[in-house]
Each structure stands twice: as C-alpha cells, then as structure tokens.
Enquirer: 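Sharing a structure here in structure tokens format.
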Amino acid sequence: MNDKELELIQRLKKKDQKALEEIIRLFHQYVASIVCRILYGQADQTDIQSVINDIFFRLWENADHIKTGQENSLKSYIGALARNTALTEKKKLRHICPLEEDILGEVPDHFHQIELRSMILSALKELNPEEQLVLLKFYFQSKAIQ
C-alpha cells in the first residue's frame, strides 16, 4: 500500500469527509465498471448508481476494518467490496423479479405464428391454383368469394 493510500485510509478512519470525496473521485469509475459488468441487463441506471453509492457508504461506515499492509491496497479492497455488493444485489434482483403468468401472456408467441403459417402454406399447396387464389383473397384481403 502506498503512502497516499495509507494517508487516505487514516483520514477516512477519522471520518474526514474530504478523504471520502477524494476516494470517490479516484475510484468512482473503477467501482462503476465492476458494478455495471455484474448488473448489466438486470438493473437500470438508477439502481446501478444506488449500488455504487452504497459501496462508498459501506467504505465510510467500515473504514476501521480496512487492513493496511504491504500486500493490501485500497484499490483491491474497494474492488472486492464493489464485487461483493454487486453480486449480493444481483441475487436480490433475481428474487424480486420472477416471471409471472400474466406477463408471459402478453408476449406474442412468434413460434406459434410461424408454425401456423407453415401449416397453412402446406394445406394451400394441396389445393389447385384457383382454390388457393379464392382462399387467399377471402381470408387475407377480405374480398368476396364471388
């Protein structure tokens, strides 16, 4: 851990808001990239920003638990915190958004339409050309049978 990181952590442990602001400025993009990668397609921009805010709030609240050692760095600590928080949020989102029958009922069944079209074309091919023309004009162009 370098001297600047040590100084930031010491200030953060003393609840220095300027230290938190500097950490946010330094690591916001890094945290955002981790969170976006994990929550991509499962959360909207507002939820993602909320998770990012929660990560920095947790960093502020748990500053006393940050270990300062040679092998540790503030970036790796924040990265692990971001990953774990985003994964927890991803699990919550899966439980909150189950597929419901009424939602599925509104989705058009394109495969059914394709199968139906194939069956109609097969049936039409068995008719002579004049009968095919009559049925197509009646059902698809709303023309009279005469």
Enquirer: Checking side-chain polar atoms at under 3.5 Å, does Thr85 have a donor or acceptor matched by the opposite partner on Thr88?
Expert: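 No - no donor-acceptor pair under 3.5 Å links their side chains.
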
Enquirer: Tell me whether Glu5 contacts the main-chain N or O of Leu74 through its side chain, where contact means a donor paired with an acceptor under 3.5 Å.
Expert: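 The answer is yes, because a donor-acceptor pair under 3.5 Å joins these two groups.
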
Enquirer: When clusters are formed by joining ILVMFWY residues with side-chain heavy atoms under 4.5 Å apart, either directly or through shared neighbours, do Phe57 and Leu81 land in the same one?
Expert: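 No, no single cluster joins them.
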
Enquirer: Tell me whether Lys14 at atom NZ has more than 12 heavy atoms from other residues, nucleotides or ligands lying less than 6.0 Å away.
Expert: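 Counting other residues, nucleotides and ligands, NZ of Lys14 stays at 12 neighbours or fewer.
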
Enquirer: Could you tell me which residues satisfy side chain to side chain contact (heavy atoms under 4.5 Å, CB included) with Leu133, sequence neighbours excluded, listed by chain and number?
Expert: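 Leu133 satisfies side chain to side chain contact (heavy atoms under 4.5 Å, CB included) with Lys137 once adjacent residues are dropped.
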
Enquirer: Do any pairs count as a side chain to side chain donor-acceptor pair (under 3.5 Å) and have a residue in residues 48-59, sequence neighbours left out, and if so which ones?
Expert: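 Listed by first then second residue: Gln49-Asn53, Asp54-Arg58.
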
Enquirer: Enter the distance from Leu59:CG to His65:NE2 here, rounded to the nearest 0.5 Å.
Expert: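 One gets 11.5 Å once the value is rounded to the nearest 0.5 Å.
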
Enquirer: With a 4.5 Å heavy-atom cut-off, do Ile78 and Ile34 have their side chains touching?
Expert: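 No, every pair of side-chain atoms sits at 4.5 Å or beyond.
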
Enquirer: To the nearest 0.5 Å, how far apart are CZ in Arg83 and NZ in Lys90?
Expert: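 Taking CZ in Arg83 and NZ in Lys90, the distance rounds to 13.0 Å.
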
Enquirer: Carefully, step by step, assess Leu8 and Leu26 under the rule side chain to side chain contact (heavy atoms under 4.5 Å, CB included).
Expert: CA-CA 11 Å; Leu8 281 172; Leu26 289 171; 3.9 Å; yes

Enquirer: Distance from Phe27 atom CZ to Ile52 atom CD1, nearest 0.5 Å?
Expert: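 Those atoms lie 15.0 Å apart.
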
Enquirer: Using a strict 4.0 Å threshold on nitrogen-to-oxygen distance, state whether Lys4 and Glu22 make a salt bridge.
Expert: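 The answer is yes: the pair qualifies as a salt bridge.
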
Enquirer: What are the two closest non-hydrogen atoms of Asp16 and Lys18, and how far apart are they?
Expert: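 Heavy-atom minimum between the residues: OD1-N, 3.0 Å.
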
Enquirer: Is there a donor-acceptor pair closer than 3.5 Å between any side-chain N or O of Lys13 and the backbone N or O of Ile66?
Expert: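 Yes; at least one donor-acceptor contact below 3.5 Å.
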
Enquirer: Which pair of non-hydrogen atoms, one from Leu12 and one from Ala19, has the smallest distance, and what is that distance?
Expert: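 Heavy atoms only, the tightest pair is N-CB, 4.0 Å.
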
Enquirer: Less than 4.0 angstrom from a charged side-chain N to a carboxylate O is my criterion; do Glu7 and Arg11 meet it?
Expert: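 The answer is yes: the pair qualifies as a salt bridge.
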
Enquirer: Using side-chain heavy atoms (C-beta onward) and a distance below 4.5 Å, is Asp47 in contact with Asp44?
Expert: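 Counting from C-beta outward, Asp47 and Asp44 do come under 4.5 Å.
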
Enquirer: Let me confirm one number: the CD-NZ distance from Glu89 to Lys91, rounded to the nearest 0.5 Å.
Expert: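 Taking CD in Glu89 and NZ in Lys91, the distance rounds to 12.0 Å.
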
Enquirer: Is the positively charged end of Lys67 above the ring of Tyr77, judged by distance under 6.0 angstrom from the centroid and angle within 45° of the axis?
Expert: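 No, a cation-pi geometry is absent between Lys67 and Tyr77.
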
Enquirer: If you draw a 6.0 Å radius around CD in Glu61, do more than 12 non-hydrogen atoms from other residues or ligands fall strictly inside?
Expert: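 Yes, the 6.0 Å shell around CD holds more than 12 heavy atoms from other groups.
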
Enquirer: Among all residues two or more places apart in sequence or in another chain, which pass the side chain to side chain donor-acceptor pair (under 3.5 Å) test with Asn62?
Expert: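 Side chain to side chain donor-acceptor pair (under 3.5 Å) list for Asn62, sorted by chain: empty.
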
Enquirer: Has Tyr30 got more than 12 heavy atoms of other residues, nucleotides or ligands less than 6.0 Å from its OH?
Expert: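 Enclosed: over 12 neighbouring heavy atoms sit under 6.0 Å from OH of Tyr30.
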
